[in-house]
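Here the structure comes first, spelled out in structure tokens, and everything after it is commentary.
The residues of the chain are indexed from 1 along the displayed sequence.
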Amino acid sequence: MSPKRFPLTVILILAVIIWGGTLHALGIDLSWDYFKPYTYTLSALTILVTAFDQILWRYWPIHLFVKMPDLNGTWRVSLHSTYIEQPIRGYAVVRQTYSMLSIRILTKDSSSALRASNILVDPDQTYEIVGVYQSDPAIHLRGAESEIHYGSFKIRLVGSPVTSMKGHYWTDRSTKGTVEYTDRQWKHADSFESAEKLFG
């Protein structure tokens with residue numbers, strides 16, 4: 001049983017128990033015919049919930065009622081850090097469902113992956129992402145120029161739909177900096193080189 005199917009199963013079992021208890025309390029004779037639709041109902045709910053989580057939340061008219069910004073795609077990224085003087089050029093590959101957010105920042109010499117995150121909504125309807133990430137430099141740089149390290153960040157989403165993201169970050173190397181996401185392409189790159197080609 002998958003993690004997504006388990007809560008639906010529990011909810012549906014509780015619904016069946018309450019339904020059966022109510023029928024019994026009303027003096028209605030119960031038979032197994034009442035429970036035959038269980039499997040079909042569970043399957044239909046699973047399909048609908050999965051479709052919503054993966055796809056439907058992004059599109060009209062559902063997105064009018066679901067206040068979740070769609071960040072999917074590959075973004076051009078500019079990093080300014082106290083660790084190095086010149087700006088660092090890279091790309092952020094964002095894969096997102098309604099229940100999951102993955103951000104991987106690719107530079108020429110490293111890859112940083114999101115480990116935990118939360119999307120916050122301020123009272124003025126401004127969205128922010130706060131998170132923790134792990135950065136893995138290229139193996140030939142470890143011990144010489146850089147090491148695996150962890151950091152946290154907060155970025156603000158700009159526009160509706162989102163056209164850019166801006167924020168700052170801190171690392172366990174006692175460095176900090178700013179980050180800006182711009183120029184989204186909807187395709188997901190799988191490497192720094194493929195992102196370079198994607199942006200021409």
Side-chain angles (χ1 to χ4, degrees), residues 2-4 6-7 50 53-55 57-58 67-122 126-159 161-199:
S2 70
K4 289 183 178 179
F6 175 75
T50 301
D53 183 62
Q54 297 290 324
I55 300 171
W57 67 274
R58 300 170 57 185
K67 302 302 181 182
M68 176 70 72
D70 183 5
L71 308 176
N72 274 289
T74 301
W75 298 75
R76 196 190 303 273
V77 170
S78 178
L79 297 156
H80 295 261
S81 174
T82 57
Y83 182 72
I84 188 171
E85 290 186 5
Q86 63 267 32
I88 302 170
R89 182 171 58 87
Y91 303 93
V93 182
V94 181
R95 292 179 169 87
Q96 181 187 13
T97 68
Y98 183 76
S99 62
M100 180 278 298
L101 177 65
S102 167
I103 302 176
R104 181 173 294 275
I105 293 183
L106 305 168
T107 68
K108 184 178 179 182
D109 295 322
S110 69
S111 172
S112 299
L114 193 61
R115 295 305 180 204
S117 67
N118 194 15
I119 298 179
L120 307 177
V121 186
D122 290 336
T126 298
Y127 288 85
E128 293 181 326
I129 302 175
V130 293
V132 175
Y133 68 90
Q134 176 181 324
S135 180
D136 297 310
I139 190 68
H140 68 278
L141 298 178
R142 299 179 191 177
E145 298 183 25
S146 185
E147 289 290 351
I148 295 174
H149 60 277
Y150 297 87
S152 58
F153 68 88
K154 181 172 76 169
I155 55 177
R156 179 172 56 89
L157 311 187
V158 179
V162 179
T163 56
S164 65
M165 297 182 272
K166 301 177 180 180
H168 43 268
Y169 66 93
W170 313 261
T171 76
D172 60 4
R173 301 186 298 180
S174 299
T175 58
K176 56 189 176 182
T178 60
V179 59
E180 183 174 9
Y181 297 59
T182 57
D183 303 332
R184 172 172 22 178
Q185 299 283 345
W186 287 99
K187 185 176 180 180
H188 294 110
D190 55 11
S191 68
F192 179 81
E193 291 74 18
S194 65
E196 290 269 80
K197 293 179 180 179
L198 187 61
F199 282 86

(request) Assess whether side chain to side chain contact (heavy atoms under 4.5 Å, CB included) is satisfied between Leu71 and Ile103, documenting all intermediate values. (result) CA-CA 10 Å; Leu71 308 176; Ile103 302 176; 5.8 Å; no
[atom2] on [Y] to [atom1] on [X], rounded to 0.5 Å:
{"X": "Asp136", "Y": "Asp109", "atom1": "CG", "atom2": "CG", "answer": "13.0 Å"}
{"X": "Tyr150", "Y": "Gln134", "atom1": "OH", "atom2": "CD", "answer": "3.5 Å"}
{"X": "Ile155", "Y": "Glu180", "atom1": "CD1", "atom2": "CD", "answer": "11.0 Å"}
{"X": "His80", "Y": "Ile88", "atom1": "NE2", "atom2": "CD1", "answer": "9.5 Å"}
{"X": "Ile129", "Y": "Arg156", "atom1": "CD1", "atom2": "CZ", "answer": "12.5 Å"}
{"X": "Ile148", "Y": "Asp172", "atom1": "CD1", "atom2": "CG", "answer": "11.0 Å"}

(request) Could you tell me whether the side chain of Gln96 reaches within less than 4.5 Å of the side chain of Ile119, counting heavy atoms only? (result)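 A side-chain contact exists here, since the closest heavy-atom pair is under 4.5 Å.
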(request) Could you tell me whether the side chain of Ser81 reaches within less than 4.5 Å of the side chain of Tyr169, counting heavy atoms only? (result)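 When only atoms from C-beta onward are counted, Ser81 and Tyr169 do touch, with a gap below 4.5 Å.
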Which heavy atom of [X] sits nearest to which heavy atom of [Y], and what is that distance?
{"X": "His188", "Y": "Thr74", "answer": "CA-OG1, 3.5 Å"}
{"X": "Val162", "Y": "Trp75", "answer": "O-CH2, 3.7 Å"}
{"X": "Thr97", "Y": "Asp53", "answer": "CB-O, 3.1 Å"}
{"X": "Val121", "Y": "Tyr127", "answer": "CG2-CE2, 3.3 Å"}
{"X": "Phe153", "Y": "Leu114", "answer": "CE2-CD1, 3.4 Å"}
{"X": "Lys154", "Y": "Trp170", "answer": "N-CZ3, 4.3 Å"}

Has the side chain of [X] got a donor or acceptor atom that lies under 3.5 Å from a matching backbone atom of [Y]?
{"X": "Arg104", "Y": "Ser111", "value": "no"}
{"X": "Ser194", "Y": "Ser191", "value": "yes"}
{"X": "Asp70", "Y": "Arg58", "value": "no"}

(message) Taking atom OH as the centre, does Tyr98 end up with more than 12 heavy-atom neighbours from other residues, nucleotides or ligands that are less than 6.0 angstrom away?
(response)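 Incorrect, the count does not exceed 12.
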(request) Can you sort out the partners of Tyr91 under side-chain hydrogen bond (donor to acceptor under 3.5 Å, both in side chains), two or more places apart, ordered by chain and number? (result)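 So Tyr91 forms a side-chain hydrogen bond (donor to acceptor under 3.5 Å, both in side chains) with Arg89, Glu196.
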(message) Please evaluate residues Asp190 and Val93 with respect to the criterion side chain to side chain contact (heavy atoms under 4.5 Å, CB included), reporting the C-alpha separation (whole Å), side-chain torsions for both, the decisive distance (0.1 Å), and the verdict.
(response) CA-CA 8 Å; Asp190 55 11; Val93 182; over 6 Å; no
(message) Arg173: which residues meet the side chain to side chain contact (heavy atoms under 4.5 Å, CB included) condition with it, sequence neighbours left out?
(response)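 Counting only residues at least two positions away or on another chain, Arg173 forms a side chain to side chain contact (heavy atoms under 4.5 Å, CB included) with Tyr83, Ser146, His149, Thr171, Thr175.
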